[in-house]
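This report refers to the structure that appears directly beneath it.
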Amino acid sequence: SWNSRDFLLTLDNMVIECPSPFASKHRESHAYQVIKNEAIADGVRWIAAPTPRMEPAEAIRKNGGMQLTERYPIFTGSNILKFDDKLLYFKCSTNNNIGSKWLQSVIGSEYEVIVWDKMNPDHNLDFGIMPIAKNLILVNAERINGNNLPNFLRSYNKLWIEKCLEDNYYTWPMSSSWTGMNILCLSENKVMINSTQKNLIKQLEANKVECVRVPLSHTQTFGGGLHRIITDLERT
């Protein structure tokens, strides 16, 4: 249960247990049962998407990437990002199109689900784009450029990240040096960041973003940074 944002999507007073394509994650939310009970008692709308059966034909390798069928909703919360009243939904190897339609039907008109597919489908959305402030985003310069950036984000101020520092585990199958930009926005111009990412910290502080440094030793071992391992249930 390292990456809680994979299977828990929070929106205002709602928590959605995501229909992950990985059968190994279908029971991970059980680890949060105490938190779930407390949240429901406090009035949180906690719902679960239909669990996908994920039979062998539901995910196939095609054109160098994983392709999902459209029989039922499939998505992970870490490949969805929140921008005010918009949800950027990355159609990729973990998120299918019907998943975006199901999500829109559940959340109603309060949020607009924007489907985007202009990045390698085997990559992770929150390793490519990261919201920092009201009008500021981090952008992975290796995976995204001005042409494939989602249209509604083109007017945002951008910090283009050329490289993140690597540790000894960045080549492991579930790993990536880009976990370094997987930081958590705490409030306007204030983020929580892995203390090892010294170059990124300098770049953020030069743009007047306050950095709360946190040691996260296993981030590249398990392939999840601070944004992915922390799911916000309450904000003030």
Side-chain angles (χ1 to χ4, degrees), residues 3 5-6 9-12 16 18 65 75-97 99-104 106-164 176-194 197 199-211 224-228 230-232 235:
N3 295 321
R5 202 175 290 261
D6 278 353
L9 175 64
T10 58
L11 297 170
D12 297 330
I16 301 173
C18 301
F75 61 82
T76 59
S78 55
N79 275 322
I80 301 170
L81 287 177
K82 293 173 274 189
F83 295 88
D84 295 324
D85 62 347
K86 294 179 174 60
L87 296 182
L88 182 60
Y89 182 101
F90 182 31
K91 185 176 180 294
C92 58
S93 59
T94 69
N95 292 22
N96 63 5
N97 193 57
S100 69
K101 294 180 179 179
W102 180 89
L103 182 59
Q104 186 72 79
V106 168
I107 62 177
S109 60
E110 293 185 33
Y111 289 89
E112 178 188 5
V113 177
I114 298 175
V115 179
W116 177 73
D117 62 357
K118 304 302 182 183
M119 192 169 69
N120 185 320
D122 284 345
H123 288 163
N124 300 294
L125 178 59
D126 59 354
F127 288 4
I129 301 172
M130 183 54 55
I132 298 300
K134 182 88 175 162
N135 192 39
L136 179 64
I137 55 175
L138 296 186
V139 185
N140 183 327
E142 182 180 282
R143 299 178 177 180
I144 297 174
N145 55 56
N147 295 322
N148 65 1
L149 194 70
N151 289 335
F152 78 96
L153 292 179
R154 296 187 180 187
S155 62
Y156 278 58
N157 295 321
K158 306 166 194 69
L159 293 182
W160 295 93
I161 310 303
E162 302 289 340
K163 185 179 180 181
C164 285
S176 168
S177 62
W178 290 108
T179 55
M181 68 171 285
N182 195 243
I183 64 183
L184 183 71
C185 183
L186 297 176
S187 61
E188 189 74 12
N189 294 314
K190 184 177 183 179
V191 301
M192 188 182 294
I193 185 170
N194 192 336
Q197 297 299 321
N199 294 339
L200 181 53
I201 290 171
K202 288 181 181 178
Q203 190 171 354
L204 288 166
E205 290 181 338
N207 284 270
K208 299 181 179 179
V209 176
E210 181 183 353
C211 294
L226 287 159
H227 177 263
R228 186 163 290 192
I230 298 174
T231 304
D232 49 325
R235 283 187 177 257

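Residues W178 and H123 fail the side-chain proximity criterion, which asks for heavy atoms closer than 4.5 Å. The side-chain heavy atoms of I183 and I132, taken from C-beta on, include a pair separated by under 4.5 Å. For the pair L184 and R5, the minimum side-chain heavy-atom distance is below 4.5 Å. Side chains of M192 and I230 form a contact here, defined as non-hydrogen atoms less than 4.5 Å apart. Side-chain contact between K158 and L149 is present, with heavy atoms from C-beta onward closer than 4.5 Å. L153 has its side chain out of reach of V139: every pair of non-hydrogen atoms, C-beta onward, lies at least 4.5 Å apart. The side-chain heavy atoms of D6 and T94, taken from C-beta on, include no pair separated by under 4.5 Å.
Side chain of Y111 to main chain of F83: no donor-acceptor pair is present (N/O by atom type, distance under 3.5 Å, no hydrogens or angles). Checking side-chain atoms of N140 against main-chain N and O of R143 turns up a donor-acceptor pair under 3.5 Å. Counting only distance, with no hydrogens or angles, the side chain of N194 and the backbone of Q197 share no donor-acceptor pair below 3.5 Å. Of the possible polar contacts, one joining the N145 side chain to the N148 backbone as a donor-acceptor pair under 3.5 Å is found. Although no hydrogens or angles enter the test, the distance criterion places no donor-acceptor pair under 3.5 Å between the side chain of E205 and the main chain of V209.
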(message) Show, in sequence, the C-alpha distance, side-chain angles and deciding distance for L138 and L204, and conclude whether the side chain to side chain contact (heavy atoms under 4.5 Å, CB included) test is met.
(response) CA-CA 9 Å; L138 296 186; L204 288 166; 3.8 Å; yes

(message) side chain to side chain contact (heavy atoms under 4.5 Å, CB included), that's the test. Do L125 and N95 meet it? Break it down for me.
(response) CA-CA 11 Å; L125 178 59; N95 292 22; over 6 Å; no

(request) Go through the steps to decide whether M181 and L200 satisfy the test side chain to side chain contact (heavy atoms under 4.5 Å, CB included), and finish with yes or no. (result) CA-CA 8 Å; M181 68 171 285; L200 181 53; 4.3 Å; yes

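Taking the six-membered ring for Trp and thresholds of 30 and 60 degrees, F75 and W102 have ring planes inclined between 30 and 60 degrees apart. Relative orientation of the F90 and W116 rings is tilted, given thresholds of 30° and 60° on the angle between their planes.
Between S177 and K163, the side chains place no donor N or O within less than 3.5 Å of an acceptor N or O (distance only, hydrogens not considered).
Just one of T76, N182, D126 meets the side chain to side chain donor-acceptor pair (under 3.5 Å) condition when paired with R228; it is D126.
Considering CG of L9 and SG of C18, their distance stands at 5.0 Å, rounded to 0.5 Å. Atom CG of residue N135 and atom OH of residue Y156 lie 6.5 Å apart, to the nearest 0.5 angstrom. The line from NE2 of H227 to CD1 of I193 is 14.0 Å long, rounded to the nearest 0.5 Å. Taking SG of C92 as the start and CG of N120 as the end, the distance is 9.5 Å to the nearest 0.5 Å. The OG atom of S93 sits 8.0 Å away from atom CG of N124, with the distance rounded to the nearest 0.5 Å. Interatomic distance, CD of E112 versus CG of D85, reported as 7.5 Å (0.5 Å rounding).
Nearest heavy-atom pair, V191 versus C185, reported as atom, atom and distance to 0.1 Å: CG1-CA, 4.1 Å. Considering every non-hydrogen atom in both D117 and K91, the closest pair reads CB-O, 3.7 Å. Taking all atoms of both residues into account, the shortest heavy-atom contact from I137 to P131 is CG2-CA, 4.0 Å. Between D232 and T10, the shortest heavy-atom contact is O-OG1, 2.9 Å. Here the shortest heavy-atom pairing between D84 and K134 reads OD1-NZ, 3.4 Å. For the pair G224 and N3, the tightest heavy-atom approach, listed with the atom from each and the gap, is CA-OD1, 3.3 Å.
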